[in-house]
> 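Input: one structure, supplied below.
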Number of protein chains: 2
Amino acid sequence: MHNSITLENLRVLEAIRQSGSFAGAAQMLHKVPSALTYTVSKLEDDLGLLLFERSKKGARLTAAGTLLLEQGRPILEAVARLEESMRAFEAGWEPCLRIAHDVILSTKPLLQVVGEFLDKELPVEVAYDSVAVGGGWDSLISERCDIAIGVSGDIPKGEFEVQEIGGLSFLFAIAPTHPLALLGRPISAQDLREYPSIVVSDSSRILPKVSTGIFESKQTVKVPDLASKIAAQCMGLGVGYLPTHLIQDKLKDGSLVERECEIPRADLTLYIAWRKTKKGKGLRWFVEHLGAADWGLSRNEG
Amino acid sequence: MHNSITLENLRVLEAIRQSGSFAGAAQMLHKVPSALTYTVSKLEDDLGLLLFERSKKGARLTAAGTLLLEQGRPILEAVARLEESMRAFEAGWEPCLRIAHDVILSTKPLLQVVGEFLDKELPVEVAYDSVAVGGGWDSLISERCDIAIGVSGDIPKGEFEVQEIGGLSFLFAIAPTHPLALLGRPISAQDLREYPSIVVSDSSRILPKVSTGIFESKQTVKVPDLASKIAAQCMGLGVGYLPTHLIQDKLKDGSLVERECEIPRADLTLYIAWRKTKKGKGLRWFVEHLGAADWGLSRNEG
DNA sequence: CTTTCATTTCAAAAAAATTGAATGTTAAAT
DNA sequence: ATTTAACATTCAATTTTTTTGAAATGAAAG
């Protein structure tokens, strides 16, 4: 009475329904008709219900059989998916891949690559999350992601591998109405201290705080992300360096102007990073394709 | 390699995970440890994956085992539900019960009864739908429902059973500002023809149209349901008979006033109706409880 | 009336699952 | 250091379940 329903049972029922007869189903399943008679009768006995209306011209599901199969079909499908998952896992495809994306980079290339991956219809779940500037390492170290895109600086001690995706240069760009824009000479450290600067807060929780773009100015305005920083500088709220590739349009339409600044901002090389221990095919695939994507950065051919 | 995953396999995995050891799981399942070794090894061979990390102090799921069980657990649960469905079906509970509810009746008693039924936690899906006045028979005949509440009139030829739930009386009620309200004498057929009347459209598609409340007036306004008709008559848009039990509050607060009318409106006896062929326990239960519910109608004790 | 498909029954055979005893290993307890 | 208790595994024997093939049967079609 208990546990009488098995997957094989459901497959047999489905085959009989599809072919319309025990004989046809037997052929489908490479079995002999009497085997199906046995299987079905046993199940019918166990359930105490007639599952098929047998005639000499075939067999049709009864209401009970329909009920059973209607609910059973999705179960069979789930099992089939599960089997595919296991096969994929066995072949080296991890069940889930989490990508952390630094907001300093555009999401477009990432989405494009993710889209390409989804087209392969693998049973690999892809999750991605944006992290604040510099948050990639943190996300990787605390195992909140498997791949971090757009990390920079020193590689934290531990088992990580990286691949360069390009260089990031900065321009000192400010609103044309800002007093420092009208100075007529290179901006000095002294000048800077006279005005507020805009700082992107770092969400990093494990790594020590990295001060990105702080020049010890009189006041600082903390904003949650780079887009806010750009917006704030366009409004003349403050000044600071901004990534060249993100402000091309602002420079073109005059919302921002470039100025020379005595305090230099070093170019940054950005990487994709992941744990050496992770060897899934999905990770490999993503590293390869994300590395080849056009992130709009300066690249040294090599 | 194919179809290596069975429900029994999943149950074994789950038992081992729960108890933390093959030995414990064997006890849970009333088997001998070597049986589980056999089962698990076979599955591991088939999948080509190690499912458990065996130590001398027990067994822990590997990543592959976790993946398998994580996806397998919901499958086991679905199968358990399916088995319960079949048991309930075998015991006479139909898998789905559709109730048509005539808008002339309040939904409150119905919802109360449905709530009571749901408390029993049976694997019976309950669907209910409101139908226009007189639409119950139609819904029943065309098999869009199993039980119709609030049908009236002749029982259509065919295999139906009914149970009375009470009588419905009508009052000729109109807005106090309506000219007919100021007449000072019983309203005649002639009077009626001078003013628009409000008619609820009948959604019935199979039965011949029953004109409910049409007095051949100059104009008629068709509204989709009784609530609209009451609202329309409160606004003085038209006149007509309304079910006594639905306008008690309107009469009390003066939105409507009762007037005598020469054209009488016969009381209606309302029934619950269902097909004789349907013998499910759910139907029986609902007929019994819906029949005993208080629909706010007049009842002749018997 | 015969042929053709069907399903079922039944006994035999094959396959799969289960058992129990033996083996070996480890961690905790003495 | 030795013993004890828990545990997983292996293997051959056993039991259970599934599958088979042949024969029986019935109904519709030619």
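Note on naming: letters A, B, ... go to the chains in the order of the sequence lines (proteins, then strands), and numbering restarts at 1 for each one.
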> Of the nucleotides dA17(C), dC7(D), dT20(D), which has the atom closest to the Y38(B) side chain?
dA17(C)
> Using whole Å, what does the distance between atom C1' of nucleotide dA17(C) and atom NE2 of H30(B) come to?
17 Å
> Assess the side chains of Q71(B) and S85(A): does a donor N or O sit below 3.5 Å from an acceptor N or O?
yes
> Please report the distance, rounded to the nearest Å, between CG in N3(A) and P in dA17(C).
15 Å
> Output the rounded distance in Å from CD1 (I16(B)) to P (dT9(D)).
9 Å
> Between dG24(C), dT20(D), dG20(C), which one does the side chain of K56(B) approach most closely?
dG24(C)
> Select one nucleotide: of dT10(D), dT20(D), dA6(C), the one nearest the side-chain heavy atoms of S34(A).
dT20(D)
> Distance alone, cut at 3.5 Å: any donor-acceptor contact between the side chains of E116(B) and Q112(B)?
no
> Does D129(B) reach the side chain of H101(B), with side-chain heavy atoms less than 4.5 Å apart?
no
> Can you tell which of L61(A), L49(A), L43(A) makes a side-chain contact (heavy atoms from CB on, under 4.5 Å) with L68(A)?
L43(A)
> With DNA chain C as reference, determine whether G58(A) or S41(A) sits nearer its 5' end, using the nearest nucleotide of each.
G58(A)
> Of the candidate nucleotides dT7(C), dT26(C), dT19(C), which contains the atom at the shortest distance from the side chain of K31(B)?
dT19(C)
> Any base atoms under 4.0 Å from A23(B), or only sugar-phosphate, or nothing? Heavy atoms, all strands.
sugar-phosphate
> Between L36(B) (CG) and dT10(D) (C1'), how many Å, whole number?
15 Å
> Provide, to the nearest angstrom, the distance between the CZ atom belonging to F52(B) and the C1' atom belonging to dT9(D).
15 Å
> Rounding to an integer number of Å, can you tell me how far L61(B) CG sits from dA8(D) C1'?
16 Å
> Counting neighbours of CD on E161(A) that are heavy atoms of other residues, nucleotides or ligands and sit closer than 6.0 Å, is the number greater than 12?
yes
> dT18(C), dT7(C), dT17(D): which one has an atom nearest the side-chain heavy atoms of A59(A)?
dT7(C)
> Quick check: on DNA chain D, is the nucleotide nearest K57(A) upstream (toward 5') of the one nearest P33(A), or the reverse? Name the residue that is more 5'.
P33(A)
> Rounding to a whole Å, what distance do you find between R54(B):CZ and dA27(C):C1'?
20 Å
> Can you find a side chain N or O atom of K42(B) that sits less than 4.0 Å from OP1 or OP2 on dA17(C)?
yes
> Looking only at the side chain of S21(A) (C-beta and beyond, no hydrogens), which of the listed nucleotides dT8(C), dC7(D), dA6(C) gets closest?
dA6(C)
> Output the rounded distance in Å from CZ (R60(A)) to P (dA6(C)).
12 Å
